[in-house]
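Count residues from 1 along the sequence. Every value quoted in this text rests on a predicted model; they were computed, and no experiment measured them.
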Amino acid sequence: MGELLAVLFIGTLFVASGLILAFTAQDKGRKLGMALLGIGLFVYLVCFLFYPNSERYRI
């Protein structure tokens, strides 16, 4: 369970930094912010799908 929390924390860092860059930076920073936001949301999706004992997906 600790591994999942660590990955969620990393995803939260990506989402938070992506939101900050997307709304405060200029062109290059805005593109980087949207990329970080997408990576963070992808991490959340992977954690949701591979959560232990998930009915939606099992290996």
Side-chain angles (χ1 to χ4, degrees):
M1 192 68 174
E3 300 89 5
L4 180 67
L5 290 176
V7 174
L8 283 175
F9 177 72
I10 293 169
T12 302
L13 289 178
F14 278 130
V15 169
S17 60
L19 283 174
I20 291 169
L21 280 175
F23 288 111
T24 61
Q26 298 299 324
D27 291 331
K28 263 189 168 180
R30 188 164 296 162
K31 288 179 185 177
L32 179 63
M34 294 306 286
L36 287 175
L37 189 61
I39 291 170
L41 292 177
F42 178 74
V43 168
Y44 283 153
L45 177 69
V46 168
C47 287
F48 177 71
L49 289 178
F50 289 102
Y51 187 75
N53 296 326
S54 175
E55 305 87 28
R56 292 175 179 79
Y57 188 82
R58 290 182 188 221
I59 297 177

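In terms of heavy atoms, A25 sits closest to R30 at O-NH2, 3.0 Å.
Residues passing the side chain to side chain donor-acceptor pair (under 3.5 Å) test with T12 are Y44, sequence neighbours excluded.
Counting Ile, Leu, Val, Met, Phe, Trp and Tyr side chains that sit under 4.5 Å apart, directly or through other members, I20 stands alone, with no cluster partners.
Linking Ile, Leu, Val, Met, Phe, Trp and Tyr residues whenever their side-chain heavy atoms come within less than 4.5 Å places L49 and F42 in a single cluster. The hydrophobic cluster containing L41 does not contain F14, counting ILVMFWY residues as joined when their side-chain heavy atoms lie under 4.5 angstrom apart, directly or transitively. V46 is not connected to V43 by any chain of hydrophobic side-chain contacts under 4.5 Å among Ile, Leu, Val, Met, Phe, Trp and Tyr, and they are in different clusters. In the hydrophobic clustering of ILVMFWY residues, with side-chain heavy atoms under 4.5 Å counting as a link, L19 and L8 come out together. Note: the hydrophobic cluster containing V15 also contains L4 (ILVMFWY, side chain heavy atoms under 4.5 Å, direct or indirect links).
Between L37 atom CG and L32 atom CG the span is 11.0 Å, to the nearest 0.5 Å.
Here the side chains of L21 and L36 are in contact, with some heavy-atom distance below 4.5 Å.
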